[in-house]
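Reading through the structure tokens given below for one structure.
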Amino acid sequence: MSRPIEAHINLGALQHNLAQTKALVGHSRIWAVIKANGYGHGLLRVAGALNRADGFAVASVDEALQLRQAGFLHPILLLEGLFDASELSLVLQHRLDLVVHSHHQVDWLLAQTIKEPLHLWLKLDTGMHRLGFNEEGLHQALFRLKHHAPRFKCHLMSHLACAEDDTPFNQYQYQQLLAANTNYQYKLSLANSAAIQTAPQTHLNWVRPGIMLYGAGILASQKERFKPVMTLTSRVIALKWIEAGEGVGYGQTWQASQTTCLAIVAVGYGDGYPRHATNGTPVLISGMRFSLVGRVSMDMITVDVTANAQQIKLNDPVELWGPNLSVDEVAEHANTIGYELLCGITQRVKIKELTQDEL
């Protein structure tokens, strides 16, 4: 038999989360962000479940071509735009939309003969200071592009830096985008998952939900509305007792304070479970909550099940994260975020696809 670790992908939950997102954003249109292999859930699998989104947003031409080759006709937005001028022919052939964030990308566009309208989302840097034009640079880019209308259909976007927090900076970024659009009246996009949940004024024409579609990164006020899409499971492969004072795992970073029963679970950083998960990280075994102890190994973790040792048996089911244990809570114990855990599931983990809300 193969190792018992599996990632269950609940497509019903994914569709439910899209419906909940639609309810939050009203008339705003939705770019479903499915980059990074659908946040680790499978690009084509996710796209199929989210086919009622208004469009898909990806990170590269390669991801977009997978969608087109699978028959998806939705608008597809390249969130980082062109990485090289040579990609433009594929963009035109497959009718992709582009983010434009730099003057060199404008140069590439203007150097080509473009006969069909091309939708461009010019990115304004309102404070994230990652990609995007400053306001003067934005106006310069638009001046150059407008001389080539109607080949280019221009829109504006920006990216919030602190959307998870209640800070005046969010309002500042919002106002900066509106001000830059004063003389154009283009369609706008600003809101990410956090802003969709907390800041309706930022929804504008298009929203860009990512992590919320997968049931993670959900704020307290919206917890009951969204369902986790991925459940990472394994099984207990060994049980053993150790005496007080004995250590566990590499570096002996945890010592038993009493006679202790350990459950060994088949999962480790080789599967994408976070290596830096600390002592006390929650693990569910047969629905009961226990604590990880000792360092995470490549293939195994150890869990202190002393409190309910008589109820734990070999081959008992283990939930590492899912509907009963949030991936965000596990990530917090590993000093990271749920995004990284979901995207980090490795190829050796078996994928089990669920078409209904079975979990």
Side-chain angles (χ1 to χ4, degrees), residues 6-59 63-64 66-77 79 97 163 189 191-198 200 203 205-233 319-328 337-339 341-345 349-359:
E6 295 179 336
H8 301 257
I9 308 299
N10 188 333
L11 299 181
L14 194 59
Q15 292 166 337
H16 168 87
N17 293 342
L18 176 61
Q20 292 298 312
T21 302
K22 284 179 176 288
L24 285 173
V25 303
H27 296 296
S28 299
R29 303 187 76 188
I30 293 176
W31 289 114
V33 183
I34 59 174
K35 61 184 178 177
N37 194 32
Y39 285 52
H41 295 69
L43 178 68
L44 299 183
R45 177 184 299 116
V46 164
L50 297 177
N51 63 3
R52 298 186 69 178
D54 298 293
F56 297 128
V58 297
E63 292 175 333
Q66 289 182 59
L67 294 169
R68 286 288 186 252
Q69 290 163 2
F72 291 99
L73 302 178
H74 300 64
I76 300 176
L77 177 64
L79 289 169
D97 293 6
S189 178
N192 58 6
S193 289
I196 288 170
Q197 296 173 67
T198 62
H203 293 174
N205 302 107
W206 284 81
V207 296
R208 306 192 304 273
I211 194 68
M212 70 187 297
L213 294 175
Y214 308 95
I218 307 302
L219 305 182
S221 61
Q222 303 294 333
K223 283 287 187 185
E224 300 304 315
R225 299 186 67 160
F226 291 85
K227 300 178 181 181
V229 175
M230 179 190 292
T231 302
L232 188 65
T233 67
E319 181 177 323
L320 288 314
W321 61 70
N324 304 299
L325 177 58
S326 166
V327 67
D328 296 314
I337 53 178
Y339 297 72
L341 301 193
L342 295 176
C343 291
I345 294 300
V349 176
K350 296 187 295 294
I351 303 295
K352 182 178 180 182
E353 186 175 304
L354 305 178
T355 56
Q356 297 180 351
D357 192 4
E358 301 173 16
L359 297 179

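It should be emphasised that the depicted structure is a prediction, and the values quoted were computed from it without experimental measurement. For this chain, numbers begin at 1 and follow the sequence in order.
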Check your understanding: Roughly how far, to the nearest 0.5 Å, is the CG atom of Asn17 from the CZ atom of Phe226?
Key -> 6.0 Å
**Study point:** Set of ring-ring contact (aromatic ring centres under 6.0 Å, His included) partners for Tyr39, sequence neighbours left out
**Key:** Tyr214
Point to revise | Residues that Ser189 engages under side chain to side chain donor-acceptor pair (under 3.5 Å), provided they are two or more places apart | key: Arg208
Review point. Atom SG in Cys343, atom CD1 in Ile337: separation rounded to 0.5 Å?
Key: 8.5 Å
Review point. Restricting to pairs with a member in residues 33-46, which pass salt bridge (charged side-chain N to carboxylate O under 4.0 Å, His left out), not counting sequence neighbours?
Key: Arg45-Glu353
Revision key, fill the gap. Residues Gln197 and Gly217: closest non-hydrogen pair is NE2-O, 3.3 Å
Exercise for review: Please report the C-alpha distance between His74 and Asn51 in whole Å, then the side-chain angles of each, then the deciding distance to 0.1 Å, and finally whether the side-chain contact (heavy atoms from CB on, under 4.5 Å) criterion is met.
Suggested key: CA-CA 8 Å; His74 300 64; Asn51 63 3; 4.0 Å; yes
Practice item. Check the pair Met230, Val327 against side-chain contact (heavy atoms from CB on, under 4.5 Å), reporting the backbone distance first and the verdict last. Key: CA-CA 9 Å; Met230 179 190 292; Val327 67; over 6 Å; no
Review point. Side-chain contact, heavy-atom cut-off 4.5 Å: Asn10 with Thr231?
Key: no
Practice item. Could you tell me the separation between the CD atom of Gln69 and the CG atom of Leu44, rounded to the nearest 0.5 Å? Key: 9.5 Å
Practice item. Please report the C-alpha distance between Ile218 and Gln20 in whole Å, then the side-chain angles of each, then the deciding distance to 0.1 Å, and finally whether the side-chain contact (heavy atoms from CB on, under 4.5 Å) criterion is met. Key: CA-CA 12 Å; Ile218 307 302; Gln20 292 298 312; over 6 Å; no
Check your understanding: Between atom CZ of Phe56 and atom CG of Leu43, what is the distance when rounded to the nearest 0.5 Å?
Key -> 8.5 Å
Point to revise | side chain to side chain donor-acceptor pair (under 3.5 Å) partners of Glu63, counting only residues at least two apart | key: none
Exercise for review: Could I get the full list of salt bridge (charged side-chain N to carboxylate O under 4.0 Å, His left out) partners for Arg29, not counting sequence neighbours?
Suggested key: Asp54
Exercise for review: Output all residues satisfying side chain to side chain contact (heavy atoms under 4.5 Å, CB included) with Ala49, sequence neighbours left out; order by chain, then residue number.
Suggested key: Leu11, Leu14, Gln15
**Study point:** Which atom of Ala7 lies closest to which atom of Val349, heavy atoms considered
**Key:** N-CG1, 3.6 Å
Review point. Of the non-hydrogen atoms in Ala32 and Ala53, which two are nearest, and what is the gap between them?
Key: CB-CB, 3.8 Å
Exercise for review: Keeping the roles fixed (side chain from Glu319, backbone from Asn324), state whether a donor-acceptor pair exists under 3.5 Å.
Suggested key: yes
Practice item. Please tell me if the side chains of Ile211 and Leu342 come closer than 4.5 Å, counting only heavy atoms from C-beta onward. Key: yes
Review point. Of the non-hydrogen atoms in Val229 and Gly215, which two are nearest, and what is the gap between them?
Key: CG2-N, 4.5 Å
**Study point:** Contact summary for Pro75 and Asp97, nearest pair of heavy atoms
**Key:** CB-OD2, 4.4 Å
**Study point:** Under the side chain to side chain contact (heavy atoms under 4.5 Å, CB included) test, residues paired with Ala194 that sit two or more places apart
**Key:** Ala163, Glu164, Asn192
Study note, to complete from the structure: Sequence neighbours excluded, the answer for side chain to side chain contact (heavy atoms under 4.5 Å, CB included) partners of Ser326 is Asp328, Glu329
Point to revise | Gap separating the CG atom of Leu50 from the CD1 atom of Ile30, nearest 0.5 angstrom | key: 9.5 Å
Practice item. Could you go through the side-chain contact (heavy atoms from CB on, under 4.5 Å) check for Ile34 and Leu213 one step at a time? Key: CA-CA 9 Å; Ile34 59 174; Leu213 294 175; 5.6 Å; no
Study note, to complete from the structure: With sequence neighbours left out, the residues meeting side chain to side chain donor-acceptor pair (under 3.5 Å) with Thr233 are His8
Point to revise | Donor-acceptor pair, side chain of His16 and main chain of Arg225, under 3.5 angstrom | key: yes
Point to revise | Taking every non-hydrogen atom, the tightest pair across Arg52 and Lys22 | key: O-NZ, 3.2 Å
Exercise for review: Could you tell me which residues satisfy side chain to side chain donor-acceptor pair (under 3.5 Å) with Asn205, sequence neighbours excluded, listed by chain and number?
Suggested key: none
Point to revise | Residues which pass side chain to side chain contact (heavy atoms under 4.5 Å, CB included) with His203, listed by chain and number, not counting sequence neighbours | key: Val25, Ser28, Ala191, Ile196, Pro200, Val207
